[in-house]
Amino acid sequence: MRNSKVPVVTIDGPSGSGKGTVAALLAREFDWQLLDSGALYRLTGLAASNHGVAFDDEASLEVLAEHLDVQFEPIDDGLKTILEGEEVGALLRTEEVGAMASQVAVLPGVRRALLKRQQSFACAPGLIADGRDMGTVVFPDAPVKVYLTASADTRAKRRQNQLQEKGIDANFDRLLADIMARDDRDMNRAVAPLKPAENAIVLDSTRLSIQEVFNKVVDAMRQQGLI
Ligand code: C5P
């Protein structure tokens with residue numbers, strides 16, 4: 001069982017809502033631990049693909065998720081992710097690996113295997129946890145829960161800009177279709193679907209800047225006496 005005295009702030013929402021950016025800013029501001037839970041699902045999908053394990057072979061995927069050989073090494077601008085001895089940071093962020101992640105994430109065995117690993121990130125002085133079910137399943141007693149959303153168009157546009165900054169030309173309609181397919185899988189799966197926790201603060205980053213979202217979360221943390 002995790003140490004419930006460690007304060008946890010959960011930030012859930014669909015891909016492209018800005019939750020990863022806000023979570024990283026908060027962790028840096030207060031020097032708290034950061035859990036990017038999507039990375040664990042992406043690593044499981046990637047490991048499955050590397051080992052030729054089918055995305056519906058639940059028993060094998062559960063074992064793979066349980067024994068993921070992964071290291072996160074701090075570097076200047078974040079973390080270096082090493083899967084089975086290989087640096088996979090850039091590969092992990094691709095749409096292809098995101099789609100693999102959302103396929104393995106529908107399986108209860110995979111979610112069970114990753115649960116304890118996620119909860120073990122709750123260490124002093126506190127944890128910012130970003131994902132889809134952080135407030136509903138993994139840290140249900142977190143004192144501050146945020147659900148960050150944005151319109152699908154806004155999220156596809158953001159993704160297109162990110163790719164263009166890297167010199168990659170991506171088709172907007174294709175990105176929008178990918179985002180909507182992933183939303184559909186994440187929101188309608190039987191286990192731990194993406195939805196706001198009952199007591200979550202719901203924010204829409206279509207109309208709020210990242211700084212405004214950040215400020216609202218900090219206010220909530222202050223109100224709860226976490227900082
Ligand atoms: O957040 P990110 O885009 O990296 O997540 C990739 C996929 O992993 C999501 O689309 C979702 O299917 C899955 N995921 C999940 N539960 C989490 C985090 C991610 O099911 N807590």
Side-chain angles (χ1 to χ4, degrees), residues 2 8-24 27 33-49 55-56 58 61-62 64-65 68 70 72 78-79 81 83 88-122 127-140 142 145-150 152 154-156 158-160 162-163 175-197 200 205:
R2 70 178 199 87
V8 178
V9 173
T10 62
I11 308 186
D12 289 307
S15 63
S17 59
K19 65 191 160 45
T21 307
V22 174
Q33 319 293 331
L34 176 65
L35 167 60
D36 168 7
S37 60
L40 297 175
Y41 288 93
R42 286 172 182 265
L43 285 160
T44 305
L46 186 58
S49 162
F55 290 134
D56 59 356
E58 184 166 3
L61 289 168
E62 181 170 355
L64 203 66
L68 267 186
V70 59
F72 298 103
L79 287 177
T81 311
L83 175 65
V88 292
L91 180 59
L92 217 54
R93 305 314 319 163
T94 60
E95 287 307 310
E96 289 72 21
V97 176
M100 290 175 192
S102 84
Q103 289 176 69
V104 299
V106 302
L107 303 170
V110 169
R111 305 201 73 85
R112 207 166 36 238
L114 293 179
L115 183 67
K116 282 212 185 73
R117 198 188 280 250
Q118 294 174 85
Q119 290 174 335
S120 72
F121 279 73
L127 172 69
I128 310 288
D130 136 27
R132 301 292 186 292
D133 61 341
M134 298 296 96
T136 50
V137 175
V138 181
F139 301 107
K145 298 179 184 179
V146 177
Y147 186 85
L148 184 60
T149 186
T154 303
R155 292 184 283 126
R158 281 180 191 155
R159 185 68 187 139
Q160 192 181 34
Q162 275 173 357
L163 290 170
L175 287 174
L176 183 61
D178 285 351
I179 279 187
M180 289 169 73
R182 192 127 72 90
D183 282 359
D184 182 55
R185 242 191 327 261
D186 290 349
M187 290 173 178
N188 295 310
R189 66 184 175 217
V191 186
L194 170 63
K195 60 173 183 189
S205 72

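FYI, the numbering just counts along the sequence from 1. One-based numbering, in listed order, for ligands and for the atoms of each.
Using a 4.0 Å heavy-atom cutoff, Q103 is absent from the residues neighbouring ligand 1.
One finds the CG atom of N188 at 9.5 Å from the CG atom of L194 (value rounded to the nearest 0.5 Å). One finds the OG1 atom of T136 at 5.0 Å from the CG atom of D133 (value rounded to the nearest 0.5 Å).
Looking only at heavy atoms of the protein, atom 1 (O) of ligand 1 is closest to R132 NH1, 2.9 Å. The nearest heavy-atom contact from the protein to atom 7 (C) of ligand 1 is A101 CB, 3.6 Å. Closest to atom 19 (C) of ligand 1 among all protein heavy atoms lies G38 CA, 3.5 Å. At the shortest separation from atom 8 (O) of ligand 1 among protein heavy atoms lies Y41 CB, 3.5 Å.
Interface atoms of ligand 1 facing R42, defined by a heavy-atom separation under 4.0 Å, are 2 (P), 3 (O), 4 (O), 6 (C). The atoms of ligand 1 that sit less than 4.0 Å from any heavy atom of A105 are 12 (O), 13 (C), 20 (O).
Using a 4.0 Å cut-off between heavy atoms, R93 contacts ligand 1 through its side chain alone, with no backbone atom that close. At a heavy-atom cutoff of 4.0 Å, ligand 1 is contacted by the side chain of R189 but not by its backbone. Contacts between E95 and ligand 1 below 4.0 angstrom, taking non-hydrogen atoms only, are absent altogether. By the criterion of a heavy-atom distance under 4.0 Å, neither the backbone nor the side chain of R185 is placed next to ligand 1. The proximity of R182 to ligand 1, defined as any non-hydrogen pair under 4.0 Å, is limited to the side chain. Both the backbone and the side chain of S102 come within 4.0 Å of ligand 1, counting heavy atoms alone.
By the 4.5 Å heavy-atom criterion applied to side chains, K19 and D12 are not counted as neighbours. Counting heavy atoms from C-beta on, the side chains of M134 and V8 never come closer than 4.5 Å. Between F139 and L127, some side-chain heavy-atom pair lies under the 4.5 Å cut-off.
Each of R158, Q160, R159 was checked for a side chain to side chain donor-acceptor pair (under 3.5 Å) with Q162, and the lone residue meeting it is R159.
By heavy-atom distance, the residue among V110, T136, D133 lying nearest atom 21 (N) of ligand 1 is D133.
Note on R93 versus D36: salt bridge recorded, some NZ/NE/NH1/NH2 to OD/OE distance being below 4.0 Å.
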For this session: Take S102 and R182 through the test side-chain hydrogen bond (donor to acceptor under 3.5 Å, both in side chains) and record every step on the way to the result.
Result: CA-CA 7 Å; S102 84; R182 192 127 72 90; 5.1 Å; no

